[in-house]
Engineer: 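Handing you this structure, nothing more for now.
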Protein chains: 2
Amino acid sequence: MPVGLSDEELERIDALIGMRLKIKRGEKLFREGDPFCNLYAVRTGFFKTCMLSGGGWAQVTGFQMAGEIIGLDGIVNDHHTCSAIALEDAEICAMPFDRLEDLSREVNALQHHVHKMMSREIVREHGVMLLLGSMRAEERLAAFLLNLAQRLNLRGFSKSELILRMTRQEIGSYLGLKIETISRTFSKLTDDGIVEVKQRHVRILNLDKLRSIINKINQL
Amino acid sequence: MPVGLSDEELERIDALIGMRLKIKRGEKLFREGDPFCNLYAVRTGFFKTCMLSGGGWAQVTGFQMAGEIIGLDGIVNDHHTCSAIALEDAEICAMPFDRLEDLSREVNALQHHVHKMMSREIVREHGVMLLLGSMRAEERLAAFLLNLAQRLNLRGFSKSELILRMTRQEIGSYLGLKIETISRTFSKLTDDGIVEVKQRHVRILNLDKLRSIINKINQL
DNA sequence: CGGGACGTTGACGGTCGTCAAAATTAGTGG
DNA sequence: CCACTAATTTTGACGACCGTCAACGTCCCG
């Protein structure tokens, strides 16, 4: 949240996000079709959002960790178009969107913050489109790991060691690859000495090499 | 724009979008890195937005036609992360974003409209992720044609006849396919009697069949 | 200990990318 | 208006990458 707010403004924003919920692993925060009322800020834990692709098959559209916002998809039609599922026990803040709109009319900084959040999500999705549209399996997985590591690093965790909260299946769905390809690609990265993988525990051994996988595109 | 606005409010919104620009085919409305000042509403013509993928290679992230908004990506970092290029001579309205924020603080309906626009873009991109992540070439092209036809139909054009304003290259970039694959897939749809293609002129001969290509996924 | 979810590995095949060449169209200047 | 070159599209042959199917291995939890 931006700085430069008066105490009174901070207090009012605080009142807005008063409602905190605990969500257990595997539970749904909301599902497609649910009426849209709240945005949700992740306080602790880890979520995935996914949508159904016609025939009951789910496509993961994103992973969210502490500080990130879930539910922006619901604004346009007053109901959600995807489900949000906790990948580990989590705690979230529910923010009633109508009150958020009310308050952001009075607090400029909040208004701008909301706009930035939505714009950030749009830009993130552009990046995913790039990934899905033009990268190969190894590049996709490398980009995915680097992105996770960077976001975890911003939150004070190691930038070279991370625990995957999602299954290979979910990684594959997000990256547009099958689970076997994810597994094989992890094996290849391991053989090349770039990462060390033990189940969901990943250690990045050679950050430069991992980065260079993505930048191979540059050399074309 | 939603209804139920007073004359005075309409007038103020009108003042906001006073600035109209003509853009010639091939010209850029903005490019990546440009400072962000305005959102743009397409009045006439056709645009593509695309971003560079590291090595000078462009990925098309969307096509915009009359009534659609361009530039939302720029809000988060005060500069654009993609380029917007006219695919035919076009006319657009530039809306200074800071004034849009000012005004939307006073006109509830405008505020909500802005939020919906951004949410709609997020949902659209979810759809593209689904397409890129889990559809095969024929399904992608079918979905693309149906989407174009539907949007054109909303604007009063035929739902079975359309003119592609973009090259095969650009379609391929958007759909994550190479130009040869686009060409081959058009040929296949033609052989199957589903569409008739003459250069950029496409006539949909069998809408049901075209739809069923996508719904094949359901049968898995 | 045993069942089930999850992950890994191998063999094989299909889809789509790559390379190359021809065909068609668009653009330019005489 | 036409000739000529550039750009775009189409088609074919071939191969790489990834999906599919199948079997096996591992971990978790009752």
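Each chain gets a letter, A, B and so on, in the order the sequences are listed, and its residues count up from 1. These values consider heavy atoms only, across backbone and side chains, with no hydrogens, waters or symmetry-generated copies.
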Engineer: Could you run down nucleotides 16-28 of chain C 5' to 3' and tag each one B, S or - for protein heavy-atom contact under 4.0 Å?
Structural biologist: SSBB-----SSS-
Engineer: Find the distance A:K188:NZ to C:dT9:C1' and express it as a whole number of Å.
Structural biologist: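 That distance rounds to 16 Å.
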Engineer: Below 30° counts as parallel, above 60° as perpendicular, anything between as tilted: where do the rings of B:F30 and B:H80 land?
Structural biologist: parallel
Engineer: To the nearest Å, how far apart are A:Q169 CD and D:dG19 P?
Structural biologist: 12 Å
Engineer: List in chain and number order the residues that pass side-chain contact (heavy atoms from CB on, under 4.5 Å) with B:R25, two or more places apart in sequence or in another chain; answer none if no residue qualifies.
Structural biologist: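 Testing B:R25 for side-chain contact (heavy atoms from CB on, under 4.5 Å), a comparison that skips the adjacent residues, returns B:D89.
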Engineer: Got a salt bridge between A:E68 and A:R151, using NZ or NE/NH1/NH2 to carboxylate O under 4.0 Å?
Structural biologist: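 Salt bridge between A:E68 and A:R151, a charged N being under 4.0 Å from a carboxylate O: yes.
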Engineer: Find the distance B:F186:CZ to D:dT10:P and express it as a whole number of Å.
Structural biologist: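 Between P of D:dT10 and CZ of B:F186: 8 Å.
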Engineer: Looking across every strand, which nucleic acid part, if any, lies under 4.0 Å from A:T167 by heavy atom: base, sugar-phosphate, or nothing?
Structural biologist: sugar-phosphate
Engineer: According to ring-ring contact (aromatic ring centres under 6.0 Å, His included), who are the partners of A:F47, at least two apart in sequence or on a separate chain?
Structural biologist: none
Engineer: Report the residues that fulfil side-chain contact (heavy atoms from CB on, under 4.5 Å) with B:T44, sequence neighbours left out, ordered by chain and then residue number.
Structural biologist: B:E91
Engineer: Round to a whole Å and report the spacing from NE2 of A:H201 to P of D:dC28.
Structural biologist: 14 Å
Engineer: To the nearest 10 degrees, how far apart in direction are the end axes of the helix from C:dC1-D:dG30 to C:dG30-D:dC1, each fit to five base pairs?
Structural biologist: 50°
Engineer: Rounding to a whole Å, what distance do you find between A:I171:CD1 and C:dC6:P?
Structural biologist: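 Result: 13 Å.
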Engineer: Report the distance from atom CG of A:L164 to atom C1' of C:dC6, rounded to the nearest whole Å.
Structural biologist: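 Answer to the nearest Å: 13 Å.
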Engineer: Side-chain atoms of residues 114-122 of chain A: list all donor-acceptor pairs with protein atoms under 3.5 Å, sequence neighbours left out, distances to 0.1 Å.
Structural biologist:
| from | atom 1 | to | atom 2 | distance (Å) |
| --- | --- | --- | --- | --- |
| A:H115 | ND1 | B:E101 | OE2 | 2.7 |
| A:S119 | OG | B:L72 | O | 2.7 |
| A:S119 | OG | B:D73 | O | 3.4 |
| A:S119 | OG | B:I75 | N | 3.4 |
| A:S119 | OG | B:V76 | N | 3.0 |
| A:E121 | OE1 | A:R124 | NE | 3.2 |
| A:E121 | OE2 | A:R124 | NH2 | 3.0 |

Engineer: Whole angstrom is fine here: how far is it from CG in A:L175 over to P in D:dG19?
Structural biologist: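 From A:L175 CG to D:dG19 P: 11 Å.
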Engineer: For A:N147 and A:F144, indicate whether the former's side chain and the latter's backbone hold a donor-acceptor pair under 3.5 Å.
Structural biologist: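 No: the side chain of A:N147 does not pair with the backbone of A:F144.
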Engineer: Would you say a side-chain N or O of B:S187 is under 4.0 Å from OP1 or OP2 of D:dT11?
Structural biologist: yes
Engineer: Would you mind reading off the distance between A:L189 atom CG and C:dT9 atom P, rounded to a whole angstrom?
Structural biologist: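 These atoms are roughly 13 Å apart.
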Engineer: Using modelled atom types only, decide if a donor and an acceptor are shared between the side chain of B:E196 and the backbone of B:V202 within a distance under 3.5 Å.
Structural biologist: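 Checked: no pair found.
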Engineer: Can you tell me if B:R31 has over 12 outside heavy atoms packed within less than 6.0 Å of its CZ?
Structural biologist: no
